[in-house]
Each structure stands twice: as structure tokens, then as C-alpha cells.
Number of protein chains: 2
Amino acid sequence: MSDDSTDTPSGAFVGYETCPVRRTLTVLNGKWKLLIIYELLPAPCRFNELKRRLSGVSQRLLTAQLRSLEADGIVDRLVMEVVPPHVEYSLSEKGRSLQPVLQAMEMWGENEIKNSPIS
Amino acid sequence: MSDDSTDTPSGAFVGYETCPVRRTLTVLNGKWKLLIIYELLPAPCRFNELKRRLSGVSQRLLTAQLRSLEADGIVDRLVMEVVPPHVEYSLSEKGRSLQPVLQAMEMWGENEIKNSPIS
DNA sequence: GTATGCAGTACCCTTTTATATACTAGCTGC
DNA sequence: GCAGCTAGTATATAAAAGGGTACTGCATAC
């Protein structure tokens, strides 16, 4: 693995520095990230409640994706030093600014469900 | 492996039948799918040109994701029986209707690049 | 005759995601 | 005392997705 200037961080698309869509997809790369943001849009949420609402994610993966979103400044993590532990996840301003993306997906999905219902 | 009603197709989110966002994310699940749609938005494109423009995808994966998008009715595949082979990929109406999603991502990415440039 | 382009397929390997379990630490409820 | 709650970490294993490269068959280009 040579460390030349064409290398991109793990999971990043070539050209993510200058292409807006590639940049966005690099940040949102991860199966659960958009869903996490979607669940946090209406209100902050604690870890276990988030896990229940996502129904299907393991705590291992949920932790990893939350940490990644936190590192990218999308999600804020507020730890209250009480017993039992209380950790609240919320969207940063940067995270909330993704709302139009989620909204467009929601609209497209609504149309899809109407036109091609599953059962 | 029991075949009860909670089973979902491979890659699908629990609740994709009724939740619009889960439904959209299920269709768009795949690292290159949104980027493929983005590249096809302005004009149809042939296989190898698409591969060059995506720069980073392997032909194996590009084929697989195009087939999946075709199965979901997002992309149309037009084969011209000539030598050398000429296969043109284009967006269906359903595919073009994803433009607002890409547009929202493009706008978010533009802002990101402006506020946190990489180099 | 060798090189290149097209649109893939076949084979193998690595990374990511999924599942499952055990463990932490203090507090509450029984 | 023991179980259960919180929000994780650690470990192991397995399945799924992603990635690299060689190869095809026919045609044109050199």
C-alpha cells in the first residue's frame, strides 16, 4: 500500500474533495447513517431507544456509525454522568442541514409505496 | 432459518414496505448507485464511459449495480447488436424522479466543500 | 501479427456488515 | 444477595458486499 497523493481515506470516493455529490456520499457512506439522521431529526434520542427504533441494527454497528457521524460533526453526543448512564444523541446544525436530502428521499419513497406496494 | 413474515429481502431494511425513507434506502442500497444515477442524469451513457467517469469502480461491481438498478426499474439498458457491442444505459422516468435527492446532496456537498475544504 | 476497444463473465481475496455472547459499573427492586 | 437497567467494549464467527485482475470474441488500427 503506497502512500501517494492519489490515495483517498477509507470509504471515500475518488474526487470527493471537489465533487459535491461524491463529498456527500463519502460522509453518508454506511448503511445506517441516513436512517440514524432521519430518526434524530424530530428529537434527540438515547442509545437504546435509537437501537429499538432502527430495529435491525446491532449495538456494535450502531456504536460505530454514531462515532463516525460524530467524527464528521453530524451528530452530537451528550454524556450525563449519572447512574444508570444517560447518553443523548442529537443532530448538530450540520446534521440538521441534511434535512432536505431526507425530505427528498421521503417524498420519493412515498410515491414508490403508492405506485408499487409490496404486500 | 425460519421463513416467517418478518423476513426481508437481502439488503432491505425492516419496515421498507411502509416507511418511505427505508423504502428509498433499500432501493439505493449500494455504494455506487446514487453516483451512477448522478452521472446518468444529464445524458445516457455507455458502459465503459460510465466506468471511466466513476473512476474507482470495477467492471464487476458496475455490472452488478447496473443490473440491480435495472431490476428496480431505475435504469434502462439498450443493447444494440453491433460489433463492437454498444450498450447504452439511461434513466427511466422513475430514475429521473430521483433528481431532487441528488440535487439536495449536491447542494449539501457544495456547502461542505466551501466550509471545510480538504486541501 | 500485435494492440486496443467494447461489454461484460469468472475467479479469488479483502472489507464491511451482521449475529451472538460475555463483561463493565453503580443503582433500583425483590 | 441477585437480577435488571444503562451504554457501551471485547471477542469470535459468519455472511454479504466490495474490489482486482484475467479472460472472452469480434472488429478495427497499426
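Naming convention: chains lettered A, B, ... in sequence-line order (proteins, then strands); numbering from 1 in each chain. Not measured: the values here are computed from a predicted model.
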Joint cluster assignment, [X] & [Y], ILVMFWY side-chain distance < 4.5 Å:
{"X": "B/V87", "Y": "B/V82", "result": "no"}
{"X": "A/V101", "Y": "A/M107", "result": "no"}
{"X": "B/L62", "Y": "B/L78", "result": "no"}
{"X": "A/L35", "Y": "A/I113", "result": "no"}

Under 4.0 Å from OP1 or OP2 of [N]: is there any side-chain N or O of [X] that close?
{"X": "B/W32", "N": "D/dA17", "result": "no"}
{"X": "A/R67", "N": "D/dA7", "result": "no"}
{"X": "B/N48", "N": "C/dG5", "result": "no"}
{"X": "A/K31", "N": "C/dA18", "result": "yes"}

Over its full length, what angle do the end axes of the helix from C/dG1-D/dC30 to C/dT24-D/dA7 make, each axis taken from five pairs and the result rounded to 10 degrees?
30°
Can you list everything that forms a side-chain hydrogen bond (donor to acceptor under 3.5 Å, both in side chains) with A/S68? Sequence neighbours excluded, please.
A/K33
Would you please name every residue forming a salt bridge (Lys or Arg N to Asp or Glu O under 4.0 Å) with B/E106, sequence neighbours left out?
none
Looking at residues 54-64 of chain A, who's got a heavy atom less than 4.0 Å off DNA chain D?
A/R60, A/T63
Neighbours of DNA chain D within residues 36-44 of chain B, by heavy-atom distance under 4.0 Å
none
Rounded off to whole Å, could you give me the [atom1]-to-[atom2] distance for the [X] and [N] pair?
{"X": "B/R52", "N": "C/dT4", "atom1": "CZ", "atom2": "P", "value": "14 Å"}
{"X": "B/M80", "N": "C/dC6", "atom1": "CE", "atom2": "P", "value": "14 Å"}
{"X": "B/K51", "N": "C/dT9", "atom1": "NZ", "atom2": "C1'", "value": "14 Å"}
{"X": "B/N29", "N": "C/dT16", "atom1": "CG", "atom2": "P", "value": "15 Å"}
{"X": "A/H86", "N": "D/dA7", "atom1": "NE2", "atom2": "P", "value": "7 Å"}
{"X": "A/Q65", "N": "C/dT15", "atom1": "CD", "atom2": "P", "value": "18 Å"}
{"X": "A/L50", "N": "D/dG8", "atom1": "CG", "atom2": "C1'", "value": "14 Å"}
{"X": "A/L66", "N": "D/dA7", "atom1": "CG", "atom2": "P", "value": "12 Å"}

Determine the contact category for [X]: base if any of its heavy atoms lies under 4.0 Å from a base atom, sugar-phosphate if only primed atoms, P, OP1 or OP2 are that close, otherwise nothing.
{"X": "A/G11", "value": "nothing"}
{"X": "A/E88", "value": "nothing"}
{"X": "A/E81", "value": "nothing"}

Shortest non-hydrogen contact between A/S92 and A/G73, atoms and distance
OG-O, 2.6 Å
A/C45 and A/L40: which non-hydrogen atoms are nearest, and at how many Å?
CB-CD2, 3.6 Å
Any Lys/Arg nitrogen of A/R53 or A/E49 sitting under 4.0 Å from an Asp/Glu carboxylate oxygen of the other?
yes
Thinking salt bridges, do A/E112 and B/K94 make one under a 4.0 Å N-O criterion?
yes
Any donor-acceptor pair under 3.5 Å linking the side chain of A/R22 with the backbone of A/F13?
no
Pull out every protein N or O sitting under 3.5 Å from an N or O of nucleotides 23-30 of chain C, one pair per line with the distance.
none

Any side-chain donor near an acceptor of the partner, A/Y16 and A/R23, under 3.5 Å
no
